[in-house]
Protein chains: 2
Amino acid sequence: MDPQWIPARVGDALHSVDTPALILDLDRFEANLSRLMNAIQGRAVRVRPHAKSHKCVEIARRQIAAGAIGICCQKTSEAAPFLAAGISDVLITNEVIGQRKTERLAQLAASFPVSKVGVCVDNTRAVTDLARACERADSTLDVYIELDVGHDRAGVTAIEDVVVLGQEIGMHRKLSLRGLQAYFGNAQHRRTPSERRDAIATATSLARRAKAALVEAGLPCEIVTGAGTGTFLLEATSGVYNEIQPGSYAMMDVDYAKNETEPSWPAFDQSMFILTTVMSRRKDALSDRATLDAGLKSFSTDSGPAWPAFAGWQVRGVSDEHTVLERIGAGNELALGDKPLLIPGHIDPTVNLHDWIVAVRNDRVEAVWPIDARGAIF
Amino acid sequence: MDPQWIPARVGDALHSVDTPALILDLDRFEANLSRLMNAIQGRAVRVRPHAKSHKCVEIARRQIAAGAIGICCQKTSEAAPFLAAGISDVLITNEVIGQRKTERLAQLAASFPVSKVGVCVDNTRAVTDLARACERADSTLDVYIELDVGHDRAGVTAIEDVVVLGQEIGMHRKLSLRGLQAYFGNAQHRRTPSERRDAIATATSLARRAKAALVEAGLPCEIVTGAGTGTFLLEATSGVYNEIQPGSYAMMDVDYAKNETEPSWPAFDQSMFILTTVMSRRKDALSDRATLDAGLKSFSTDSGPAWPAFAGWQVRGVSDEHTVLERIGAGNELALGDKPLLIPGHIDPTVNLHDWIVAVRNDRVEAVWPIDARGAIF
């Protein structure tokens, strides 16, 4: 996008930032990074935050400075800007299928020979395709077998297939079997702690059996990786997982705020917001409404719309470039031109709609970061 | 985004296009453009397609070649690439509020002095802000008063306020009052023809009264503009509207396909698809599923998920980068690496997730067009 449309400059006051814009409250963001690291301190668990949530090199650098060992991504094109920025350990927590895609991945690994690049598989054909592409590009890949631990989307379901895949990986000199990808995605948003505990107990049991089968077959399984913001401490204390992949914890969203949490767990603060402008205002006998200049092209609604970060208003309707708020009680007045903040419903696809993160401290812009992997779907 | 990730080159076969990718079937697209122009032939109605649906200069050029008088947009930054490409009549069908935004709009108009640039207002303060910005930038703007004809989102509700606004606009030498913006957005998807007829009858009646009030006050009202793909022929035959703004008609989506249409209306074909890859496949006693490499970051789900363009399968789940299909009957076999097509649930926010439109004829890539205004939310 044309750089003339950058929403802010360093030093700007928050209220002068152009809208709609993603605002990152740096104090809250930094506290979230610390809370995660403190929660797992002393445990033999590595943190590999999921960069699909933020897609931003600067955030990844701060996560690594706080103690993360690298990052993970969902797509080859998403991994590229992080590798180009010098991040030395990037795992694609996803299958990469098809000749063109495997060749691009192998070439990417060849371009950054000092970095570790990992990928997941759940099919032997994919293993041979990756091996062939790596031979051609003269590169190596770390390979993780994706185990379906309940998410029901991709991954191997039968333990015997894990061993077959492990043996296939072991035959190729350019591929290194590192372990298991065992992510239980839809457990993250189960609302009660006991539902999440039950889910991760199942996942842990499956991962333990799969790891034992690999070891018994003489195959390596150094890393068992998975987990998200809703369950990470369960995996971290499982005795089986030794790497966790939380993403949303750094920014949070409305959907995660609906989870009941255990008192002993760290409470992550909402640090990412959408700054909007009141572009139309109506207050008469029939209605008390404020229409904002942000809609479906500024936040995703798959987990519900973005929601006011202040009392007294609710979302009445969302269209491409508008959100209509209506008053439901006491709270802020909203006048034409005011700039209220919304909380994203689901942080990952919301960030993907923006080109810039405006990083703010004490209502002053401290930095403007590009969302480097925005739109990186290949 | 890095140009290395362009999904196709001219001459590629459809099945070699990288995924997920937006595919435009050119035969169907061109037929849609003709159908719209044929439907209003002989009527004193101008066509100003809504470019918020496609955000693509090449599509706008083809719409104008087919007879459109220009385009409309929702944001100033969205208008910019179309003006820069030489499109000489661009209407922002939306309010532009705040000093920074009005200044940018006035400067944009100054940058393209031979083009018409229009904007909507529903508040007198916005009129004075625009006038001041245009004085400073030495530019002129066409101004339309937005009338709320039922969409209930922005716009003036009382006829007397239309006149007050018209008088305010008339006081400023850099602003030209052109007429009324009278779009009934949520009428587009009312499912039966009679519901849509009732809605547009109301809208027409309000627009007629507002126009009469302006004329009676000695103010101009040359253009009454509005309408979308679901209702455009109703406005076109209303005797009040003399400009229509359909956008989706050129591409279509699942949501529009659910409308019951009248036999006398043109039937627009689905011309835009999402090409995906089967990245994981499961077929056992418990399940028959294909997981595709496109999810919330490749299509919007606000009007339901993208849907298979073929029989025998339904969507079971969607996550950031995955769609899980499950078999529900006879139809295509789907093997690992196959590239099935999905139909977008809602075309506008889906296009906004992509950087490229791959234009195809007879399963061969004829062109690859940038989505110039992707992410243009300012």
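Letters A, B, ... mirror the listed sequences (proteins, then strands); counts begin at 1.
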If contact means a heavy atom pair closer than 4.5 Å, which residues of residues 283-295 of chain B contact chain A? B:Arg289, B:Thr291, B:Asp293
For a quick test of reading the model, state the closest non-hydrogen atom pair linking B:Gly155 to A:Arg282 and the distance between them. O-NH2, 3.3 Å
Examine distances only and state if a side-chain atom of A:Arg125 and a backbone atom of B:Leu336 form a donor-acceptor pair shorter than 3.5 Å. yes
Does some side-chain heavy atom of B:His151 sit less than 4.5 Å from a side-chain heavy atom of A:His322? no
Under 3.5 Å donor-acceptor, B:Arg100 side chain and A:Thr19 backbone: no
Would you mind checking which part of B:Val278 comes under 4.5 Å of any heavy atom in chain A, side chain (CB onward), backbone (N, CA, C, O), both or neither? backbone
Side chains of A:Ser319 and B:Arg153: is there a donor and an acceptor less than 3.5 Å apart? yes
Under the side chain to side chain donor-acceptor pair (under 3.5 Å) test, which residues partner A:Glu326, sequence neighbours left out? A:Gln314, A:Arg316
Indicate the atoms forming the closest heavy-atom contact of B:Asp320 with A:Pro349, along with that distance. OD1-CD, 3.9 Å
Side chain, backbone, both or neither of A:Glu95 within contact of chain B (heavy atoms, under 4.5 Å): both
May I have all residue pairs that pass salt bridge (Lys or Arg N to Asp or Glu O under 4.0 Å) and include part of residues 14-23 of chain B, sequence neighbours excluded? A:Lys101-B:Asp18, A:Arg104-B:Asp18
Looking at side-chain heavy atoms only, is the closest gap between B:Leu353 and A:Asn352 below 4.5 Å? yes
Can A:Lys55 and B:Lys297 be said to form a side-chain contact (heavy atoms from CB on, under 4.5 Å), step by step? CA-CA 12 Å; A:Lys55 292 177 169 275; B:Lys297 291 176 182 168; 3.7 Å; yes
Assess, by modelled atom type and distance only, whether the side chains of A:Asp122 and B:Ser280 contain a donor and an acceptor separated by less than 3.5 Å. yes
With a 4.5 Å heavy-atom cut-off, do B:Gln107 and A:Gln4 have their side chains touching? no
Minimal heavy-atom distance between A:Ser298 and B:Ile377, with the atoms involved, is OG-CG2, 3.8 Å
Relative to chain B, which of A:His346, A:Lys339, A:His354 shows the most heavy atom pairs under 4.5 Å? A:His346
With only heavy atoms counted, which part of B:Pro7 is less than 4.5 Å from chain A, the side chain, the backbone, both or neither? both
Test ring pair (Phe, Tyr, Trp, His ring centres under 6.0 Å) applied to B:Phe112 - qualifying residues, sequence neighbours left out: none
Taking the side chain as every heavy atom from C-beta outward, state whether A:Met279 and B:Asn94 have any atom pair closer than 4.5 Å. yes
Heavy-atom proximity to chain B below 4.5 Å, by part of A:Ser16: backbone
Which bit of B:Asp152 comes within less than 4.5 Å of chain A, counting heavy atoms only: side chain, backbone, both or neither? both
Of all heavy-atom pairs linking A:Phe378 and B:Trp5, the shortest is CE1-O, 3.0 Å
Tell me whether A:Lys52 contacts the main-chain N or O of B:Glu321 through its side chain, where contact means a donor paired with an acceptor under 3.5 Å. no
Top residue by heavy-atom pair count (under 4.5 Å) with chain A, among B:Asn123, B:Asp129, B:Ile97, B:Asn186? B:Ile97
Applying a strict 4.5 Å limit to non-hydrogen atoms, the region of B:Ala80 in contact with chain A is side chain
